[in-house]
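Structure, as structure tokens:
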Amino acid sequence: MAKLKIIVSATSLFCTRIEWALKLKGLEYELTVEDWDKGKSELLLKSNPAHKKVPVLLDDGVAIAESKVILEYIDEKWKGGDLYPLLPQDPYERAQARFWAQFADDKCVFGTWGACCAVDALEKEKAVENALESFAYLEKQIEGKKFFAGDKIGYLDLVAGWIPHWLGVMEETGGIKILDAERFPSLHEWAQNFIKIPLIKECVPPRDFLVNYSIALLSYLRSSALNKP
Amino acid sequence: MADEVTLLDFWPSMYGMRCRAALAEKGVEYEFKEEDLTSDKSELLLQMNPVHKKIPVLIHNGNPVCESLIIVEYIDETWSHKAPLLPSDPYERAQARFWADFVDKKVYDLGRKLWMRKGEEQDAAKKEFIECLKIVKSELGDKAFFGGKKFGFLDIAIIGLNCWFYTYETCGNFSIQAECPKLVAWGKRCMEKESLAKTLPDPRKLCAFILECKKAMGIE
């Protein structure tokens, strides 16, 4: 049995970044996939009682939760020698990577998802505008670089790594357009380069699976919103 | 070259307090530049944190670092020769970061509702706030500090909240001492440290200020 296990859901963009990190470190792991139809598993509730969310990394049974915390744990536990570094060494560059990772999650992921879920036309327009503003910041960060971490991928690339695969699905099912090649040429190019990397590509869930899930989830959320008193 | 360290901050800010506490622990000399958040944001703040336009911002030799927990880690990594804030074990580091993030995600927002709202909304916030405090308190266990024998990263993440306890109790009409005596004892233990007592605001002064703000905002 593998010492490393990740409790994941089949679709969550927060989970795949953990797989990417472990693969970069050359570590073997097992996935235990939550079946949301059956409700949250005992293992998940026991491993992450505070939030009850995926992903959770189990390292020899010991649980670590919150995806960015897990990434730093992986980077700090398996470091040195030939092991692939995720975060830069310099404290200022580390602070920058952490800042933009937090920004990318708080503003870009949730900004995009908010725009997808919005039903009211005006609300949707405003949400898309906000999301575009956030993506403009990311565009500036990647300008002139192949990857956020430089010549090779690193922590911020993994955190922003949902963009090449999940964003397209959100755009299609949410009826929005965010990553325009003309508007964000550097980000668009980064996305193409990132998803081409074999260990990145092999971990992403199949697109049509994500599309079906997204359609079902959006439909549920929209009808809940409409049925609210 | 001598280090030039400036902290853009606002004295009642819990987030700012984290940075002050970290700098005090490390014995770093710095310039405290007050941003009065009750009036317009300064050019310096807008220049140093154009993305969020918020305090605290640490400016180290002209380079800005934003977001309080990121600033604290930066301080720990830059002035690494003294008073380590994060433990050395990767798992314990992960736990410290996880709980600091928990406090940010769950506790601070509830605290805001406690002093800004009233009636049912305030009552609901109070209930959830106490539940969250109890979860956080259980992380303390029988240790003197969240960091173990010594004051550390997670203590720094929560110490600002401790300064606000009196304000929450006054606005919410309840006793945190009665609900979470261990946490209150922890707070007192922290404030016995001279570096913190000199750096962090007096809880009563804070409360008086918040009550003035409430009046100015038209909140009863």
Side-chain angles (χ1 to χ4, degrees), chain A residues 18 25 47-53 55-80 83 86-108 110 133-138 140-141 155-156, chain B residues 3 5 19 22 26 48-54 56-81 85-107 131-132 134-136 138-139 153-154:
Chain A
I18 310 302
K25 295 284 187 182
S47 306
N48 189 3
H51 297 303
K52 306 175 180 55
K53 286 183 177 174
V56 181
L57 179 72
L58 293 168
D59 183 358
D60 217 356
V62 173
I64 300 109
E66 284 302 301
S67 66
K68 294 194 288 292
V69 173
I70 299 170
L71 288 178
E72 292 225 33
Y73 172 79
I74 292 169
D75 202 30
E76 287 174 349
K77 184 161 176 183
W78 290 280
K79 68 175 181 195
L83 286 166
L86 299 178
L87 275 154
Q89 290 281 62
D90 174 71
Y92 186 72
E93 288 179 40
R94 289 163 75 83
Q96 293 299 97
R98 286 171 178 143
F99 176 87
W100 288 110
Q102 194 175 304
F103 177 86
D105 272 352
D106 291 349
K107 301 285 182 182
C108 299
F110 293 106
E133 266 175 41
S134 300
F135 273 77
Y137 278 114
L138 277 194
K140 267 181 95 176
Q141 285 307 302
Y155 173 80
L156 184 51
Chain B
D3 272 324
V5 185
C19 307
K26 295 285 188 177
M48 290 289 143
N49 190 359
V51 178
H52 299 302
K53 306 174 181 52
K54 286 182 177 175
V57 182
L58 185 79
I59 311 171
H60 185 202
N61 295 331
N63 297 317
V65 183
C66 306
E67 293 299 300
S68 61
L69 293 177
I70 294 176
I71 294 172
V72 173
E73 286 223 44
Y74 174 80
I75 290 168
D76 199 25
E77 290 170 359
T78 302
W79 290 278
S80 54
H81 55 283
L85 303 177
L86 272 164
S88 49
D89 173 71
Y91 176 70
E92 288 178 39
R93 291 165 76 88
Q95 289 304 95
R97 287 176 178 135
F98 175 87
W99 288 109
D101 176 72
F102 177 87
V103 168
D104 269 0
K105 282 195 168 96
K106 300 262 190 174
V107 184
E131 268 167 40
C132 282
K134 289 186 173 165
I135 294 173
V136 170
S138 67
E139 269 314 291
F153 181 81
L154 187 50

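Reminder, nothing fancy here: chain letters follow the sequence lines and each chain counts from 1. All values reported here derive from a predicted model rather than from experimental measurement.
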| query | Is chain A contacted by the side chain of B/D101, its backbone, both, or neither, given a heavy-atom distance below 4.5 Å? | reply | side chain

| Side chain, backbone, both or neither: which part of A/K107 has an atom under 4.5 Å from a heavy atom of chain B? | side chain

| query | Is the number of heavy atoms from other residues, nucleotides or ligands under 6.0 Å of A/K53 NZ greater than 12? | reply | no

| request: Quick one: pull up OH in B/Y74 and CD in A/E93 and give me the separation to the nearest 0.5 Å. | output: 11.0 Å

| Heavy-atom proximity to chain B below 4.5 Å, by part of A/F99 | both

| Using non-hydrogen atoms only, which part of A/D106 is less than 4.5 Å away from chain B: side chain, backbone, both, or neither? | neither

| task | Please determine, among A/Y92, A/F103, A/Y73, the option with the most heavy-atom pairs under 4.5 Å with chain B. | result | A/Y92

| query | Given that the side chain runs from C-beta out, which part of A/W100 has a heavy atom under 4.5 Å from chain B: side chain, backbone, both or neither? | reply | side chain

| request: Report the option among B/I75, B/D89, B/N63 that has the most heavy-atom pairs separated by less than 4.5 Å from atoms of chain A. | output: B/N63

| query | Can you name the residues that form a side-chain contact (heavy atoms from CB on, under 4.5 Å) with A/K79, not counting sequence neighbours? | reply | none

| field | Side chain / backbone / both / neither for A/E133 at chain B, heavy atoms under 4.5 Å | value | neither

| note | For A/S47 and A/V56 the tightest heavy-atom approach is CB-CG1, 3.9 Å

| query | Ion pair present between A/D59 and A/K77, side-chain N to carboxylate O less than 4.0 angstrom? | reply | yes

| message | For a 4.5 angstrom cut-off between non-hydrogen side-chain atoms, does B/R97 reach B/L69? | response | no

| message | Taking the side chain as everything from C-beta on, heavy atoms only, tell me whether B/V136 gets closer than 4.5 Å to B/K106. | response | no

| said: Counting only non-hydrogen atoms closer than 4.5 Å, does B/H52 touch chain A with its backbone (N, CA, C, O), its side chain (CB onward), both, or neither? | reply: side chain

| Engaged part of A/A63 at the chain B interface, taking heavy atoms whose separation is under 4.5 Å | backbone

